[in-house]
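Note that the numbering runs from 1 along the sequence shown for the chain.
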Amino acid sequence: MTTPRRAKQLDEELLALGEGTMLLDELDGFIAGLLTCPELIMPSDWLPVVWHEDSADQAPVFENRDHANRVLGLVMEHYNNVARTLMERPERYGPLFCVDTRNDDVLWELWIGGFEKAVALRPAAWKELLDADADTAAAMSGMLLLAEIARGDKEVEFDDPILTAAPDKIADWVVILNEWRLANHQPIQDSGPTTFTAPGTKVGRNKPCPCGSGKKYKKCCGLN
């Protein structure tokens, strides 16, 4: 898994990008969803979601290309670390949750919100998991139930077992979903180092931005 030092660095970089960007625990849930999805989702499809680019006028606020590459490198490093842990040492997998230091409550809601965003990218693909074996179907149903609770669409009592057990259940369910994917689909390969542009390569201002946003370079990372 990502070391505490690198996780802290990633957290600080995401916070510095402003309110539109995912926080670390939301990103961690999002990545877990990407990795357990039965259908491969390419970075060009999911990176814009990390920056919350939901309109043509939005773009991640990077100081320059080096800054963009640094943040992207940390995101992809975390993605690869989670993928490697689930593939090689699933017993060591653990979601990144915030903890309320006042009472030590584990705040899993933002994490499950990130997972749900991954589900929304390929909604039809997840039906396979709901129709799979009992353990896999229960894991997927549990994730969707927690997402409903986090959204406020389903009310449960404060001391309901599903809430108190949520942190442990989430970790177990991610492993179960990933095991099903490995057994039924090609494993996701380590994406390797990723940058917005190759060193020394100039991107035309009217060309698609290499960050995967779908916008022209001049209206995205080329703004700076």
Side-chain angles (χ1 to χ4, degrees), residues 1-4 7 10-11 14 22-39 41 46 49-50 78-185 187-188:
M1 292 293 289
T2 302
T3 65
L10 174 56
D11 188 32
L14 294 173
M22 285 185 177
L23 299 176
L24 179 58
D25 44 350
E26 184 182 10
L27 174 65
D28 189 63
F30 185 57
I31 287 174
L34 296 172
L35 292 170
T36 54
C37 181
E39 183 178 331
I41 305 175
W46 60 260
V49 183
V50 175
H78 186 61
Y79 176 97
N80 289 331
N81 286 339
V82 176
R84 199 172 300 116
T85 299
L86 287 171
M87 175 80 71
E88 300 173 2
R89 303 295 296 271
E91 72 280 1
R92 292 191 175 185
Y93 172 75
L96 296 181
F97 299 129
C98 283
V99 177
D100 187 338
T101 56
R102 297 170 298 179
N103 49 26
D104 292 330
D105 282 347
V106 177
L107 307 177
W108 51 268
E109 289 84 355
L110 195 58
W111 189 99
I112 202 71
F115 185 92
E116 189 176 25
K117 284 181 171 64
V119 174
L121 286 176
R122 299 290 187 274
W126 296 89
K127 190 175 185 301
E128 282 190 80
L129 297 169
L130 293 170
D131 295 336
D133 62 276
D135 287 345
T136 302
M140 190 64 216
S141 296
M143 288 290 205
L144 295 178
L145 174 59
L146 289 181
E148 281 188 89
I149 294 171
R151 288 197 311 270
D153 292 344
K154 185 175 183 63
E155 294 185 4
V156 295
E157 296 296 328
F158 179 75
D159 57 352
D160 190 295
I162 188 65
L163 296 183
T164 56
D168 292 332
K169 287 291 188 182
I170 286 173
D172 293 340
W173 288 340
V174 170
V175 171
I176 290 171
L177 295 177
N178 190 65
E179 287 176 347
W180 185 91
R181 182 186 59 77
L182 290 175
N184 292 275
H185 295 271
I188 293 175

K.L.:
Enter the distance from Asn178:CG to Leu35:CG here, rounded to the nearest 0.5 Å.
P.N.:
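Asn178 atom CG to Leu35 atom CG measures 7.0 Å (nearest 0.5 Å).
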
K.L.:
For the residue pair Arg181 and Cys37, what are the closest heavy atoms and their distance?
P.N.:
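That would be CD-O, 3.2 Å.
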
K.L.:
Identify whether the distance between the nearest side-chain nitrogen and carboxylate oxygen of Glu91 and Arg89 falls below 4.0 Å.
P.N.:
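Yes.
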
K.L.:
Using side-chain heavy atoms (C-beta onward) and a distance below 4.5 Å, is Met143 in contact with Val119?
P.N.:
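Counting from C-beta outward, Met143 and Val119 never come under 4.5 Å.
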
K.L.:
Got a second to check how far Leu86's CG is from Asn81's CG, nearest 0.5 Å?
P.N.:
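Result: 11.0 Å between the selected atoms.
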
K.L.:
So how far is it from Arg151 CZ to Ile112 CD1, rounded to the nearest 0.5 Å?
P.N.:
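If we round to the nearest 0.5 Å, Arg151:CZ and Ile112:CD1 are 10.0 Å apart.
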
K.L.:
Any salt bridge (charged side-chain N to carboxylate O under 4.0 Å, His left out) involving residues 118-134? Give me the pairs, sequence neighbours left out, ordered by first then second residue.
P.N.:
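The answer is Glu39-Arg122, Asp45-Arg122, Lys127-Asp131.
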
K.L.:
Parallel, tilted or perpendicular for Trp46 and Tyr79, by the 30°/60° rule?
P.N.:
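Parallel.
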
K.L.:
Distance check, rounded to the nearest 0.5 Å: Glu148 atom CD versus Asp153 atom CG?
P.N.:
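Answer rounded to 0.5 Å: 6.5 Å.
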
K.L.:
Taking the six-membered ring for Trp and the single ring otherwise, decide whether the centroids of Trp173 and Phe115 are under 6.0 Å apart.
P.N.:
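Not under 6.0 Å, so no.
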
K.L.:
Taking all heavy atoms of Pro38 and all of Ala125, pick out the closest pair and write down the distance.
P.N.:
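Distance-wise, the nearest heavy atoms are CG-O, 3.4 Å.
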
K.L.:
Measuring from atom CD1 of Ile176 to atom NZ of Lys169, what distance do you get when rounded to the nearest 0.5 angstrom?
P.N.:
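Going from the CD1 atom of Ile176 to the NZ atom of Lys169 covers 8.0 Å.
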
K.L.:
Which atom pair, heavy atoms only, marks the closest approach of Trp180 to Ala132?
P.N.:
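Heavy-atom minimum between the residues: NE1-CB, 3.3 Å.
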
K.L.:
Looking at Thr85, is its backbone amide N or carbonyl O close enough to the side chain of Arg92 to form a donor-acceptor pair, meaning the two atoms are under 3.5 Å apart?
P.N.:
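No.
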
K.L.:
If you round to the nearest 0.5 Å, how far is CG of Leu24 from CD1 of Ile31?
P.N.:
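The CD1 atom of Ile31 sits 8.5 Å away from the CG atom of Leu24.
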
K.L.:
Looking only at heavy atoms, which two atoms of Met22 and Phe30 are closest? And how far apart?
P.N.:
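For Met22 and Phe30, the tightest heavy-atom pair comes out as CE-CG, 3.6 Å.
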
K.L.:
Start with the C-alpha gap between Thr136 and Met140, add the side-chain angles, then the distance that decides, and say whether side chain to side chain contact (heavy atoms under 4.5 Å, CB included) holds.
P.N.:
CA-CA 6 Å; Thr136 302; Met140 190 64 216; 5.6 Å; no

K.L.:
Testing the basics here: between Asp25 and Leu96, what is the closest heavy-atom pair and its distance to 0.1 Å?
P.N.:
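Reported closest heavy-atom pair: CB-O, 3.2 Å.
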
K.L.:
What's the shortest heavy-atom distance between Ala118 and Ile41, and which atoms?
P.N.:
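Scanning both residues completely, I find the closest heavy atoms to be O-CD1, 4.3 Å.
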
